[in-house]
Amino acid sequence: MVAWKEHYKNANWPMVIYLGYCHALAILALNYFASSKWQTLVFTLVLSQLSGLGITGGVHRLWAHKSYKAHGIVRFFLMLCNSVANQGTIYHWSRDHRVHHKYSETDADPHNAMRGMFFAHIGWLLVKKDAKVIEAGRKINCDDLLEDWVVVLQKKLNPWGNLFMSFVFPMLVCTYFWDENWVNGLLVAGFWRYVFILHCTWLVNSAAHFYGQTPYDPKINPTENAIVAFFAMGEGWHNWHHVFPYDYAASEFGVASQYNPTKLFIDTCAKLGLVTDRKRALHAWEMKKSKMVAADSVAKAKSA
């Protein structure tokens, strides 16, 4: 029997209403694709990739994990992309993600996959935070984020800066650059693109903790999931990432072997002199792999 009263009391109603409203408009937007100009459709695709990059290459690999260093120009660009993604501020996203890694799949994990796939995907946003998650968030050190003027600027403009960049900005571009109907710009390039990228991001928390292989550490649930990697711009190589969270590539292999446009972006910026100190875990993996092989050999010898 479903405990509806408990669910009602524990619901994060502002987020329930907000996400419900956004999803309703995203579904409504499907009716406007046919009447949208080709420029709007192309712009929606491009903006989807840019807003995704603001999450993957920006708030995730750069700010949350500090896996590489970027020039102010790159950081400002990624902040704008992150604002278009509109998944909270860089500061709050990074804090919650650091908590996720430190307390992965425990009660202190914001999107604890042990509570089920729905909870890990979207349910964690629809309910009030567990007291253990709140306490863990208070203990996580995020002073480094407040030392970055880009992060502070976005935080000061919250929530209006993100809302403008995610919904009003796409509408204005479509309207004034190719005379698109403002409704098409708002719904297709705005709300539909926004909800689509939300789910692409959430797949890393859900599907990539349930489906796939675990070659780097079979004892944890995060997996190597090529489908998630495709939708989340290279973030689906999740078993590697949880074993080596400081690796800027978030994957073992290069872009020729594993789909990872985020790594390609970072590498391109590095060639232009705009990115430095890219951290890699390949040596650490070779050492870990050698120990795993040795331990396996010993186990086989004992059982012989």
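Along the sequence shown, residues carry numbers from 1.
- Taking the six-membered ring for Trp and the full ring otherwise, Phe164 and Phe169 have centroids separated by 6.0 Å or more.
- No donor-acceptor pair closer than 3.5 Å links the side chain of Glu180 to the backbone N or O of Gly185.
- With hydrogens and angles disregarded, no donor-acceptor distance shorter than 3.5 Å links the side chain of Gln87 to the backbone of Trp93.
- In this structure, CD1 in Ile90 is found 8.5 Å from CG in Leu145, a value given to the nearest 0.5 Å.
- In this structure a side-chain-to-backbone donor-acceptor pair under 3.5 Å is missing from Asn205 to His121.
- Side-chain atoms of Arg193 never come within 3.5 Å of backbone atoms of Ser48 as a donor-acceptor pair (strictly under, hydrogens ignored).
- No donor-acceptor pair closer than 3.5 Å links the side chain of Trp182 to the backbone N or O of Cys174.
- Side-chain N or O atoms of Asn225 include none that pairs as donor or acceptor with a backbone N or O of Gly212 at under 3.5 Å.
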- Might you work through the ring-ring contact (aromatic ring centres under 6.0 Å, His included) test for Tyr8 and Trp13, ending with a clear yes or no? CA-CA 9 Å; Tyr8 184 87; Trp13 284 110; 5.1 Å; yes

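- The line from OG of Ser83 to CH2 of Trp160 is 14.5 Å long, rounded to the nearest 0.5 Å.
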- Task: Decide ring-ring contact (aromatic ring centres under 6.0 Å, His included) for Tyr32 and Trp192; before the verdict, give the C-alpha distance in whole Å, the side-chain angles of both, and the deciding distance to 0.1 Å.
- Result: CA-CA 10 Å; Tyr32 290 82; Trp192 184 87; over 10 Å; no

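- Ring pair His241/His60 is perpendicular by interplanar angle, where above 60° counts as perpendicular and below 30° as parallel.
- With hydrogens and angles disregarded, a donor-acceptor distance shorter than 3.5 Å links the side chain of Glu224 to the backbone of Asn239.
- A salt bridge does not link Lys37 with Asp179: none of the charged nitrogens is closer than 4.0 Å to a carboxylate oxygen.
- The distance from the CG atom of Asp247 to the NE2 atom of His65 is 10.5 Å, given to the nearest 0.5 Å.
- For Glu235 and Thr262, the side-chain atoms include no donor-acceptor pair closer than 3.5 Å.
- A salt bridge is absent between Glu135 and Lys132; no separation between the charged side-chain nitrogens and carboxylate oxygens falls under 4.0 Å.
- Note that NE2 of His209 is 7.5 Å distant from CG of Asp109, once rounded to the nearest 0.5 Å.
- A donor-acceptor pair is defined here as one N or O able to donate and one able to accept, closer than 3.5 Å; such a pair exists between the side chain of Ser166 and the backbone of Val84.
- For the residue pair Asn260 and Ser251, a side-chain donor N or O sits within less than 3.5 Å of a side-chain acceptor on the partner.
- At least one cation-pi condition fails for Lys279 and Tyr246: the charged atom is not both under 6.0 angstrom from the six-membered ring centre and inside a 45 degree cone around its axis.
- Using a distance-only test at 3.5 Å, with no hydrogens or angles considered, a donor-acceptor pair links the side chain of Arg61 to the main chain of Tyr248.
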